[in-house]
Trainee: 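This is the structure, below, for whatever I ask next.
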There are 2 protein chains.
Amino acid sequence: MSRKRQATATDVARLAGVSQSAVSRAFTPGASIAEETRERVAEAARQLGYRPNAIARSLTTRRSRIIGVAASYLQNHFYPDVLEALSRGLQARGYQMLLFMPDAGRHADPQLQEVLAWRVDALILASTTLSSELADQCQAAGIPVLLFNRTSRGPSVSSVTGENERGGRLIAEFLVAGGHRRLGFLAGLENSSTSRDREKGFAGWLAENGHPPPLREVGLYQFEAASAAARRLLARPDRPDAIFCGNDHMATAVAEVARHEFGLRIPRDLSLVGFDDTGPARWPSFSLTSFSQPVQPMVDATVALVCEMIENPAAPTRHEVVRGELLVRGSARMPPEGCVSLGEQLVWRPVRDG
Amino acid sequence: MSRKRQATATDVARLAGVSQSAVSRAFTPGASIAEETRERVAEAARQLGYRPNAIARSLTTRRSRIIGVAASYLQNHFYPDVLEALSRGLQARGYQMLLFMPDAGRHADPQLQEVLAWRVDALILASTTLSSELADQCQAAGIPVLLFNRTSRGPSVSSVTGENERGGRLIAEFLVAGGHRRLGFLAGLENSSTSRDREKGFAGWLAENGHPPPLREVGLYQFEAASAAARRLLARPDRPDAIFCGNDHMATAVAEVARHEFGLRIPRDLSLVGFDDTGPARWPSFSLTSFSQPVQPMVDATVALVCEMIENPAAPTRHEVVRGELLVRGSARMPPEGCVSLGEQLVWRPVRDG
DNA sequence: GCTAGGGTTGCATGCGTATGCAAGAAGCCC
DNA sequence: GGGCTTCTTGCATACGCATGCAACCCTAGC
């Protein structure tokens, strides 16, 4: 037994005693059709269990109402949150989400080709690099591409990010204000713009203010790699007394290693600052001081921008930056001044002179 | 400027000097076509940047090679892991994943309708219920439906689950063997089969072995709700000295509350056991004793089963149960005997008599 | 040289829907 | 009542590809 044939618009038309066009119009908001006819069609459709075939519809309209979404690093709780918000946001605008998860490290291209075969209306790349060749290819085909939480070299691809560089600067300032002098930086993926920008802000502020560059290790945004990096960093004779971790996920790994393998107390022996403000990092056990990347605003910006790009593919590329705050919790020594309350949350807001 | 028209098979055919059918055959493995022709077509396709249009292809073949996937509760780290594995598994078999995330609690139906409009080849529902009406509708349309980590009332819908009831029994046995007598159970969602089955096993074993029923609270599988439930449970005068939490995600919430709000030490003052063996629960800070639901085997079974169902829609429904183990870590008092090493991991393997 | 047969190829059509166009219906005004 | 506008409706066609069928080519076999 092969699967039963689904009812088509023609079937419905026959039952309702109208033409197939009428059925199509009955399901097209704003189409020219008499109310009475629409009801007759609706009734017939109900009887037959008819649903318009999105595939056929897409073929004629040349708009799939599907958006390809690439995501990886789901171990970092930031991304599941993003996926969830993105799903709702796109659904609300009538888009479906074709999800693919490129193997971290390997090229996403073959899988991307499969997704492109579906003539997606747009592509959202969360946490994935794609070859610039492929980006151009999409651009040429007029497929809007949007980088989420990542930027590309050229100005060619639109993006939505947090304040990576500013966050890095504020964190440097915050730690120094807390009296720390032996700083460490735990980098994420070397080729990621987020890690680069955060480091740039962090190291940049230190350099500008006459501090030595921080010790540096690479954690690849992964728990295990970050744990290993933490071991190297904490085993040094000149062990840092404060570490800026490229994201919260790595920061929790560092906290685990510091406490359970080195017997350090946080923040007495070691101050930790993260980035993202997500997931377990907020739990009392970690109470991580972290620069926030608010998921909902970032996703809202993404959905709005992507819809705009679909409607006007010729629009210039844009780079949305969503504002964050350095949320002060308990994982890092608190500076004597500079923290202010924002609602129930303490944030770092140093008073600037001139 | 509207988006540029993508090259079609006809364009390629013209350039290659063949018919459109030939182009189609060139891209269809196993089709009858001369090697030389195929190469000529391939070259023309390359020049034009042609990719077969999956939408048109699906319309004629009547197979979309898309599988609808519903997921929710992504805060529970189990599900991101599942998504990741599922994505790879389906990709490897040439399927794309149309993801949608029903609002937790509410019915998935309206969104599901949108997904059905895409004539998905199958539907995988992870942690979501669908109305029986809709189930019938899918059944009638011959669309295979697979429940992941959940079962339905009747035997009508196939499923892949862990050993929920057996896990519950083993945990009861384990805690009692550890000397606990004041037990608590933290339920997940009341209407979820996982929570019901785990409780059934847990309470069932206790009853059969002459123990009073456990104290009971509901945590809805959510962090906040579980925290609140933990507060109620731990504030009681007859506070339990061991709690079986319906999953690891809730167990971490309980651990946080117990430690930071009640000053309890784990496992000295309170034993905790979870379910799933995922995410932060494995970290040293929690070191959660937990009954495992191994993601990869569960996903492998799911992918295999769903492919089978697609190839043979008339096949009888099946209920795959993937074996788990009670992994013994540090969050619960260890019984004097009954734990054995399995590789590097301690597991609960009581010797049964007769 | 002729035929059989296998391998290729193109033609024509169908998949299910959307939509431009023209025809028809209904109402309006003078 | 005629001419006009405003709504509805059906017809025909297009979207891009897959595929049954028939025509064709070429080689092998006799």
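Just so we're on the same page: letters track the sequence lines, and every chain starts at 1.
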Trainee: So that I can tick it off, tell me whether Arg318(B) and Glu320(B) are bridged by a salt bridge, with the cut-off set at under 4.0 angstrom between side-chain N and carboxylate O.
Mentor: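 Salt bridge flag = yes for Arg318(B) with Glu320(B).
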
Trainee: Does the dG16(D) base have a donor-acceptor partner in the side chain of Arg51(B) within less than 3.5 Å?
Mentor: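 Absent.
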
Trainee: Is the count of non-hydrogen atoms from other residues, nucleotides or ligands lying under 6.0 Å from Glu35(A) atom CD greater than 12?
Mentor: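 Result for CD/Glu35(A): enclosed.
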
Trainee: Below 4.0 angstrom from OP1 or OP2 of dG14(C), is there any side-chain N or O of Arg62(B)?
Mentor: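 Indeed not, no polar side-chain atom of Arg62(B) lies that close.
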
Trainee: Within this structure, what is the CZ-to-P distance between Arg63(B) and dC15(C), rounded to whole angstrom?
Mentor: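 Between P of dC15(C) and CZ of Arg63(B): 18 Å.
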
Trainee: With a 4.5 Å cut-off on side-chain heavy atoms, are Tyr221(B) and Asn76(B) touching?
Mentor: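 In short, these two side chains do not touch, never coming nearer than 4.5 Å.
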
Trainee: Quiz question: going by heavy-atom distance under 3.5 Å, is there a donor-acceptor pair between the base of dG10(C) and the side chain of Arg25(B)?
Mentor: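 Counting by modelled atom types and ignoring angles, a donor-acceptor contact under 3.5 Å is found here.
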
Trainee: State which of dT9(C), dA18(C), dA18(D) makes the closest approach to the side chain of Gln20(A).
Mentor: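 In terms of side-chain proximity for Gln20(A), the closest of dT9(C), dA18(C), dA18(D) is dA18(C).
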
Trainee: Give the ring-plane orientation class for Trp118(B) versus Trp118(A), where under 30° counts as parallel, over 60° as perpendicular and anything between as tilted.
Mentor: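 The rings of Trp118(B) and Trp118(A) stand perpendicular, inter-plane angle above 60°.
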
Trainee: Counting side-chain heavy atoms from CB outward, which of dT9(C), dC17(D), dC11(D) is closest to Thr37(B)?
Mentor: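 Nearest to the side chain of Thr37(B) among the choices is dT9(C).
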
Trainee: Taking any heavy-atom pair under 4.0 Å as a contact, classify Val18(B): base, sugar-phosphate, or nothing.
Mentor: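 Result for Val18(B) = sugar-phosphate.
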
Trainee: Nearest to the side chain of Asn53(B), which nucleotide is it out of dT9(C), dC17(D), dG16(C)?
Mentor: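 The closest nucleotide is dC17(D).
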
Trainee: Can you check the Arg38(B) CZ to dT9(C) P distance for me, whole Å?
Mentor: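 Rounded to the whole Å, the gap is 10 Å.
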
Trainee: Using atom CH2 of Trp118(A) as one end and atom C1' of dC15(D) as the other, report the distance to the nearest whole Å.
Mentor: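 It is 15 Å, rounded to the nearest whole Å.
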
Trainee: So if I apply the side chain to side chain contact (heavy atoms under 4.5 Å, CB included) rule between Ile67(B) and each of Val303(B), Ile310(B), Leu123(B), which one comes out positive?
Mentor: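 By the side chain to side chain contact (heavy atoms under 4.5 Å, CB included) criterion, Ile67(B) pairs with just one of Val303(B), Ile310(B), Leu123(B): Ile310(B).
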
Trainee: In degrees rounded to 10°, what angle is found between the helical axes fit to the five outermost pairs at each end of the helix from dG1(C)-dC30(D) to dC30(C)-dG1(D)?
Mentor: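 Comparing the first five pairs with the last five, the axes sit 40° apart.
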
Trainee: Verify whether the ring centers belonging to Phe27(B) and Tyr50(B) lie closer than 6.0 Å.
Mentor: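 Ring centroids of Phe27(B) and Tyr50(B) are less than 6.0 Å from each other.
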
Trainee: Choosing from dC17(D), dC11(C), dA18(C), which nucleotide comes nearest the side chain of Ser21(B)?
Mentor: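 Nearest to the side-chain atoms of Ser21(B), counting from C-beta on, is dC11(C).
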
Trainee: With the side chain of Ser19(A) defined as its heavy atoms from C-beta on, choose the nearest nucleotide among dT8(D), dT17(C), dC11(D).
Mentor: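 Side chain of Ser19(A) sits closest to dC11(D).
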
Trainee: Roughly how many Å is it from CG in Leu48(B) to C1' in dG16(D), rounded to a whole number?
Mentor: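 Whole-Å distance recorded here is 15 Å.
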
Trainee: Kindly compute the distance separating OG1 (Thr161(A)) from CZ (Phe148(A)), expressed to the nearest 0.5 Å.
Mentor: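 Going from OG1 on Thr161(A) over to CZ on Phe148(A), the span is 9.5 Å.
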
Trainee: Nearest to the side chain of Ala34(A) - dC15(D), dT17(C), dT9(D)?
Mentor: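 Nucleotide nearest to Ala34(A)'s side chain: dT9(D).
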
Trainee: Kindly point out which of dC7(D), dG10(C), dT17(C) is positioned nearest to the side chain of Ser32(A)?
Mentor: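 Nearest to the side chain of Ser32(A) among the choices is dC7(D).
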
Trainee: From dT17(C), dA18(D), dC15(D), pick the nucleotide closest to the side chain of Ala9(A)?
Mentor: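 When the side chain of Ala9(A) is considered, dT17(C) is the closest of dT17(C), dA18(D), dC15(D).
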
Trainee: In whole Å, what is the span from the CG atom of Asp11(B) to the P atom of dC17(D)?
Mentor: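 It is 9 Å, rounded to the nearest whole Å.
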
Trainee: Measure CZ/Arg57(B) against P/dC17(D) and give the value in whole Å, please.
Mentor: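 Distance check: Arg57(B) CZ to dC17(D) P gives 9 Å.
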
Trainee: For Glu43(B), what residues pass the salt bridge (Lys or Arg N to Asp or Glu O under 4.0 Å) criterion, not counting sequence neighbours?
Mentor: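 Partners of Glu43(B) by the salt bridge (Lys or Arg N to Asp or Glu O under 4.0 Å) criterion, ordered by chain and then number, come out as Arg46(B).
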
Trainee: Nearest to the side chain of Ile33(A), which nucleotide is it out of dT9(D), dG16(C), dA18(D)?
Mentor: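 So the side chain of Ile33(A) is nearest to dT9(D).
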
Trainee: With respect to the side chain of Ser24(B), which nucleotide from dC17(D), dC21(D), dT17(C) is positioned closest?
Mentor: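 Out of dC17(D), dC21(D), dT17(C), the nucleotide with an atom closest to Ser24(B)'s side chain is dC17(D).
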
Trainee: In whole angstroms, how far is the P atom of dG10(C) from the CZ atom of Arg14(B)?
Mentor: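 Computing the Arg14(B):CZ to dG10(C):P distance gives 14 Å.
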
Trainee: Measure from CZ on Arg119(B) to C1' on dG16(C) and round the result to the nearest Å.
Mentor: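 Those two atoms, CZ and C1', are 9 Å apart.
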
